[in-house]
Each structure stands twice: as C-alpha cells, then as structure tokens.
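Comments concern the structure below.
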Amino acid sequence: MSTVVIDGKALAADVKSRIAVRIAEKNHKPHLAVILVGDDEASLVYDRSKQKAAKAVGMECDIFHLEEKTSENGLLALIEHLNQDENIHGILVQLPLPAQINPEKIIGAILPQKDVDGFNPYNAGLLQSGSDKAVVAATPKGILHILHSVYPSLKGMHAVIIGRSNIVGRPLASLLLNHDCTVTVAHSKTANLPELCATADILVAACGCPKLVKRNWVKSGAAVIDVGINRIEGKLCGDVDFEDVCGQAGFITPVPGGVGPMTIAMLLENTYQAYLNQTEHS
Ligand code: NDP
C-alpha cells in the first residue's frame, strides 16, 4: 500500500494565510501575550517562533520574559494585569514553570476568554462536556484539522491515543469523542499495547518515546498521527518509526513538518477567535 504523507506545513500555511487576510481587514489588531519564566533555551526558541508566526499574520505579540526566581505572586500579579488589559486578547504561559510556582494555580488564573492554550479548567471542562464553546488546546485542535483534511467525517472510527497528558492525550480524547469516534486512551500501564494499536483506524502517538510505534502496531490503511518530538543523536524524530510504518499506514504525519506547524497555526486561530469574541461583543 502506498502511504500518503500529510503535509502539516502546507495545511498550517493555509490556515495562517486565511487568518492574515481577516486581520488585514481590521483596524485594531489581535494582541497575544506570551509569558516565559526562566531561561530554558528550548522554551525561549519556541516562544520566539510563536511570536514570529503571530507577527507574520499581522498580530501584535509580546513576550514577557521573567527571571527564574520570579515568585508565584509576582506571576499572578502579571496575569491579573494582562487579564484587565482590554488591549490584550490572548495570554499563554510557557510550561514547565520553575518549582516554586504551581502551574495549576497559574493556568487557573488566566481569564477563560483569554486562555488561548485552552488549558484553563473551565475550557477543559467545556470540551469534556461536549460543548462547542470550549477553547480547544492547540495540538489536539491541529490533529483534528489534519484528520479532517483526509476524512470529511470521523463518525464511527476507532481512535487509539497513546498518551494521557492534559495538553495532548486527554483533550484529544474528548475532541475525537465529540466528533463521534470511538476512543481508546492508552498509557504506560496499558496491557498489550501493540495489539490494541493494531485495531485503530486512527492511531495517535503522543508519548515522547522515540520510534515506539512499529509496522505491526498499525492496521493496514490506518491514519497515523505522530505528535512526538524527540532527538536521537541531535536528529529530530517522532514517536512513530516512520520508515517502518510507511507502506502499512494509509496516511502518516512526518516529524518534523506534521503536527508541530499545525499547533502554532491553531494557537493563532485561538488568538484570533478570542479577539473576535472580546471585540465583537463589547
Ligand atoms: P507527557 O510526558 O506529559 O505524557 C506522556 C504520556 O505518554 C503519558 O500519559 C505516559 O503514560 C505515556 N507513555 C509514556 N511512555 C509510554 C509507553 N512506553 N507506552 C505507552 N504510553 C506511554 O507528554 P506530552 O503529552 O506533553 O507530550 C508527548 C510528546 O508529544 C512529547 O514528545 C512532546 O515533545 C510532544 N509534543 C508535541 C507537540 C507538537 O506540537 N508537535 C505539542 C505537545 C507535545 P503515563 O500517564 O502512564 O505516565
């Protein structure tokens, strides 16, 4: 079987150009605030790439880069200030945070309508209860977009998700359930993982284990979505053994160039939507 490699970069470029056209028609621009605490190099690179992407579609984007020793109260005060600032439409806090700061408290302090990461318990709860009013976390939202690029309807499909984190596995399970998939969530204690995965029409690997998913884990013709970002000897790879699985899967996302670019595009979409919600009803 020939496997179609899904071009996440092209899908993301399409989303971003549509956002850029809509922003160009507005006088007042969407404004995103990105908060980074500490000097983690990877986080800084990632935040700068978000800022570059936001500016490229015509948004304003500020990075608030705070010292590693910033207190929880200091960070809460900044969030409160940004919550009150009507020129700021989206707020995201780069995780992980230093040990002295409780991430749950911080994420819970962001106003739900400015929570463009969709990690606030209010938005997570709306998604879980099947509401279409939730701000959906960018990575799951990007995965849904990718799946819809190859399947108009996901009704009745069996999705197996490897990973149950709050930023990928769990929100994706709710999202796919809301789109009428039958969803199985696997994790590090799941028994017979390869056999379980081989029953999936849609197999999503989000576990952070380089090249874990092999050919015999994949049902013939299945869609394989690789979320993992790992490095082997400096080279990027996903949670799927791409070469091994090609020829077995119907569709596959590459790493890099699959889910990653879609995550940033969906963050911009969430920011644009937050801006519309805050400006059109005021
Ligand atoms: P976490 O470490 O928070 O969660 C990993 C999950 O995978 C856990 O639920 C864990 O199970 C499960 N797991 C770990 N090892 C195994 C195994 N051998 N078999 C089955 N399940 C396993 O990771 P994240 O969800 O934050 O990220 C997952 C991957 O996705 C990482 O590589 C990350 O870099 C990448 N990522 C990529 C993004 C993108 O935009 N492309 C965005 C976000 C993440 P348990 O709960 O039992 O510990």
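In this chain, residues are counted from 1 in sequence order. These numbers come from the heavy atoms of this one structure, side chains and all, not from hydrogens, waters or symmetry mates. Counting convention: from 1, in listed order, for ligands and their atoms alike. All figures in this text were calculated on a predicted structure; none of them were measured in a lab.
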Looking only at protein heavy atoms, identify the closest one to [atom] and say how far it is in Å.
atom	result
atom 40 (O) of ligand 1	Thr263 OG1, 2.8 Å
atom 21 (N) of ligand 1	His187 C, 3.1 Å
atom 8 (C) of ligand 1	Arg164 N, 4.0 Å
atom 13 (N) of ligand 1	Cys207 CB, 3.6 Å
atom 31 (C) of ligand 1	Gly208 CA, 3.7 Å
atom 6 (C) of ligand 1	Gly163 CA, 3.6 Å
atom 26 (O) of ligand 1	Ile167 CD1, 3.5 Å
atom 3 (O) of ligand 1	Ser165 CB, 3.4 Å

So is Gly169 in contact with ligand 1, going by heavy-atom distances below 4.0 Å? no
Can Ala186 be said to touch ligand 1, with heavy atoms closer than 4.0 Å?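 No, that is not the case, since the closest heavy atom of the residue is not under 4.0 Å from the ligand.
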Location of contacts on [X] toward ligand 1, heavy atoms closer than 4.0 Å:
X	answer
Val227	both
Ile229	both
Cys209	side chain
Thr190	neither

State plainly whether one hydrophobic cluster holds both Ile19 and Ile146, where clusters connect Ile, Leu, Val, Met, Phe, Trp and Tyr through side-chain heavy atoms under 4.5 angstrom apart.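 Yes; Ile146 is reachable from Ile19 via cluster members.
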Is Leu177 linked to Ile202 within one hydrophobic cluster, defined over Ile, Leu, Val, Met, Phe, Trp and Tyr using a side-chain heavy-atom separation of less than 4.5 Å? yes
Where is the tightest heavy-atom contact between Leu127 and Pro171, given as atom of each residue plus distance?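 Reported closest heavy-atom pair: CD2-O, 3.5 Å.
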For the student: nearest non-hydrogen atoms of Ala206 and Val168, plus distance: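 Heavy atoms only, the tightest pair is CB-CG1, 3.7 Å.
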Atom [atom1] in [X], atom [atom2] in [Y]: separation rounded to 0.5 Å?
X	Y	atom1	atom2	answer
Thr182	Leu176	OG1	CG	10.5 Å
Ser149	Leu11	OG	CG	4.5 Å
Leu144	Leu154	CG	CG	6.0 Å

Ligand 1 atoms in contact with [X] (distance to a heavy atom under 4.0 Å):
X	answer
Val259	41 (N)
Gly260	40 (O), 41 (N)
Ile162	20 (C), 21 (N)
Thr139	40 (O), 42 (C)

Heavy-atom nearest neighbour of atom 19 (N) of ligand 1 within options Val168, Asn166, Leu193, Asp239: Leu193
Neighbour count above 12 (heavy atom, 6.0 Å) for Lys214 NZ: yes
Between the side chains of His89 and Asn277, is a donor N or O closer than 3.5 angstrom to an acceptor N or O?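 Checked: His89/Asn277 side chains show no N/O donor-acceptor pair below 3.5 Å.
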Run the salt bridge (charged side-chain N to carboxylate O under 4.0 Å, His left out) check on Glu67 and Lys69 step by step: do they pass? CA-CA 5 Å; Glu67 289 182 334; Lys69 61 177 194 225; 3.6 Å; yes
Asp47 vs His65, side-chain hydrogen bond (donor to acceptor under 3.5 Å, both in side chains): CA-CA, chis, key distance, verdict: CA-CA 10 Å; Asp47 284 346; His65 191 173; over 6 Å; no
Would you sort out whether Arg215 and Asp241 count as a salt bridge (charged side-chain N to carboxylate O under 4.0 Å, His left out), showing the intermediate values? CA-CA 8 Å; Arg215 190 183 188 88; Asp241 189 334; over 6 Å; no
Backbone or side-chain N or O of Ser188 under 3.5 Å from ligand 1 N or O: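 It does: an N or O of Ser188 is found under 3.5 Å from an N or O of ligand 1.
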